[in-house]
Amino acid sequence: MQEKFYFELQKVDKKTGARAGILHTPHGKIVTPVYMPVGTQATVKGILPEQLKSVNAQIILSNAYHLYLRPGHHVVAEAGGLHTFMGWDRPILTDSGGFQVFSLAKLNKIQDEGVYFQSHIDGSKHFFTPEKVMEIENALGADIIMQFDECSAYGSDFAYARKALERTSIWLERCARAHTNENQALFPIVQGNFYRELRLKSLEYALQYAKYGIGIGGLSVGEPKAKMYEMLEILQPHLPQNIPHYLMGVGTPDCLLEGVARGIDMFDCVYATRIARNGTALTSSGKVVVRNGQYKNDFSPLDESCNCICCKNYTKAYLRHLLNTGEILAATLLSIHNIYFLTKLMQDTRKAILEDRFVEFANHFAKQMNLAMTTKFDVI
RNA sequence: GGGAAGUUUCCAGAGUGGCCAAAUGGAUCAGACUGUAAAUCUGACGUCUCCGACUUCAGUAGUUCGAAUCUACUACUUCCCA
């Protein structure tokens with residue numbers, strides 16, 4: 001396994017600690033920092049694997065909870081695993097369902113032993129334990145699998161946050177013990193809500209099992225961005241250099257840069273594809289709500305400087321028309337563009353880090369996009 | 001030529017004396033979206049000096065304390081019979 005999965009750190013930005021590296025997996029290399037598109041139900045909504053490749057997606061995310069419910073992890077295993085099942089031969093990471101414990105909270109009952117789930121599809125009852133989740137993730141066969149964790153809500157009090165983190169720690173130990181598939185790298189997840197002490201405690205425990213990489217969870221759950229950055233800064237000095245650092249569920253272009261500036265190597269987020277389906281595009285000059293009336297007669301591309309299929313071939317007026325008429329193609333084209341935009345951002349970021357000009361690059365980009373950045377950068 | 005029904009705010013369409021600036025769809029306009037229960041959700045949608053005021057429900061004239069709602073006539077639309 002060590003031969004198949006390891007992280008090669010190439011460069012660390014002296015000013016910020018931003019990193020560039022290469023993550024080797026059984027399904028190929030991933031250059032970092034990397035944005036990972038989310039394909040919860042074994043599909044990045046609206047996009048073909050071929051198109052994902054054309055947009056330079058190196059690795060995608062899927063989800064144990066959702067695939068367990070439908071079609072059932074055994075079906076995926078029978079198909080030959082997730083890669084074969086969905087026709088994607090590059091790396092895959094599966095989330096454990098820990099986030100669904102959080103986002104589907106009304107349907108769950110959390111106990112130390114595990115979580116009683118009520119299916120959001122048909123109300124049927126299920127019991128998830130760390131062991132069960134490992135069985136599912138092992139069957140799915142992703143390259144990277146996340147531990148089963150409990151993501152506590154923003155606003156949780158100290159006592160509850162500590163309880164959730166202790167549970168996460170115990171579950172980690174159980175996940176590690178139950179994990180049998182040698183072709184998969186298990187990532188622990190740091191929790192601890194927004195309490196410095198708990199974050200550090202969680203990290204300390206997680207590091208015992210962070211052989212291949214580490215996830216940082218429980219952030220970007222409704223808190224102000226500054227709060228999230230503060231938590232990352234608490235962790236940054238203590239994160240081992242020889243493994244990738246994965247910030248779960250982030251994010252927007254500004255959050256990506258802010259994350260990189262705090263030592264993050266991997267990101268995933270629904271944002272790009274969701275806002276695409278809802279008619280918004282990320283462009284080098286800021287967010288563009290293509291659905292809006294002002295683009296009715298705008299026959300220019302979404303982003304003049306973009307090389308994606310969407311920008312090379314279609315105009316804003318056409319995209320608006322597709323959105324306006326409810327055509328599926330709108331979702332596809334905008335998703336392609338938005339993913340390309342973020343993968344390109346990470347490529348450019350990586351290049352800048354390797355060339356010792358990360359802060360300058362980030363400043364320039366943020367200014368162009370009119371982003372509000374923190375004191376890590378000059379553009380505030 | 002004769003008879004019947006109808007005309008409501010962008011469209012469709014409720015409303016048949018006060019609780020009506022007028023239900024509900026749609027269209028339109030705008031906003032939100034961060035490990036996906038999201039091709040979803042939210043708001044606006046007569047005018048204004050917008051916690052209040054004003055002008056509306058084909059037109060005109062009436063009845064009434066009060067009319068989109070009742071009466072008369074006019075105009076237009078649709079259907080049926082010749």
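Remember, it's a predicted structure, so these values are computed and weren't measured experimentally. Throughout, a chain's letter reflects where its sequence line sits, starting with A, and its residues are numbered from 1.
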Centroid-centroid under 6.0 Å between A:F117 and A:Y65 rings: yes

Interface limits on RNA chain B, where chain A has a heavy atom under 4.0 Å of a nucleotide atom: B:U28 to B:U40

Sugar-phosphate, base or nothing in reach of A:K296, heavy atoms under 4.0 Å: nothing

Under 3.5 Å on both distances, the Watson-Crick or G-U partner of B:U40: B:A32

Sugar-phosphate only, base, or nothing, as touched by A:N278 at under 4.0 Å among non-hydrogen atoms: base

Sugar-phosphate only, base, or nothing, as touched by A:F99 at under 4.0 Å among non-hydrogen atoms: base

Check: A:N138/A:H179 side-chain N/O donor and acceptor closer than 3.5 Å: yes

Sugar-phosphate only, base, or nothing, as touched by A:E327 at under 4.0 Å among non-hydrogen atoms: nothing

Between A:E135 and A:H73: side-chain donor-acceptor atoms closer than 3.5 Å: yes

Touch class at under 4.0 angstrom, heavy-atom based, for A:D149 against every strand present: base

Sugar-phosphate, base or nothing in reach of A:Q191, heavy atoms under 4.0 Å: base

C1'-based separation of B:G17 from B:A68 [nearest Å]: 11 Å

Whole-Å P distance, B:U8 and B:U69: 13 Å

Separation between the C1' atoms of B:U9 and B:A27, rounded to whole Å: 14 Å

Distance between C1' atoms of B:U56 and B:C29 (Å, rounded): 23 Å

Donor on one side chain, acceptor on other, A:Q241 and A:R19, under 3.5 Å: yes

Euclidean distance for C1', B:G18 against B:A67 (whole angstrom): 10 Å

Salt-bridge criterion met for A:E131 and A:R174 (N-O under 4.0 Å): yes

Partner nucleotide of B:U69 by Watson-Crick or wobble geometry (both distances under 3.5 Å): none

Touch class at under 4.0 angstrom, heavy-atom based, for A:N324 against every strand present: sugar-phosphate

Identity of whatever pairs with B:C50 - Watson-Crick or G-U, under 3.5 angstrom: none

Pairwise C1' distance, B:G52 and B:A4 [rounded to whole Å]: 47 Å

Whether A:D157 side chain and A:A159 backbone form a donor-acceptor pair below 3.5 Å: yes

Under 3.5 Å: donor-acceptor pair, side chain of A:S202, backbone of A:L198: no

Separation between the C1' atoms of B:U71 and B:C20, rounded to whole Å: 22 Å

Check: A:F7 ring centroid to A:Y212 ring centroid under 6.0 Å: no

Nearest-angstrom distance, P atom, B:U40 to B:G26: 11 Å

Sugar-phosphate only, base, or nothing, as touched by A:I189 at under 4.0 Å among non-hydrogen atoms: base

Residue whose closest nucleotide on RNA chain B lies nearer the 5' end, A:L219 versus A:Q294: A:Q294

Pairing partner (Watson-Crick or G-U wobble, both distances under 3.5 angstrom) of B:U78: B:A4

Touch class at under 4.0 angstrom, heavy-atom based, for A:L61 against every strand present: sugar-phosphate

Sugar-phosphate only, base, or nothing, as touched by A:G218 at under 4.0 Å among non-hydrogen atoms: base

Nearest-nucleotide 5' precedence on RNA chain B, A:V250 against A:I328: A:V250

Contacts of type side-chain contact (heavy atoms from CB on, under 4.5 Å), residue A:E197, not counting sequence neighbours: A:F158

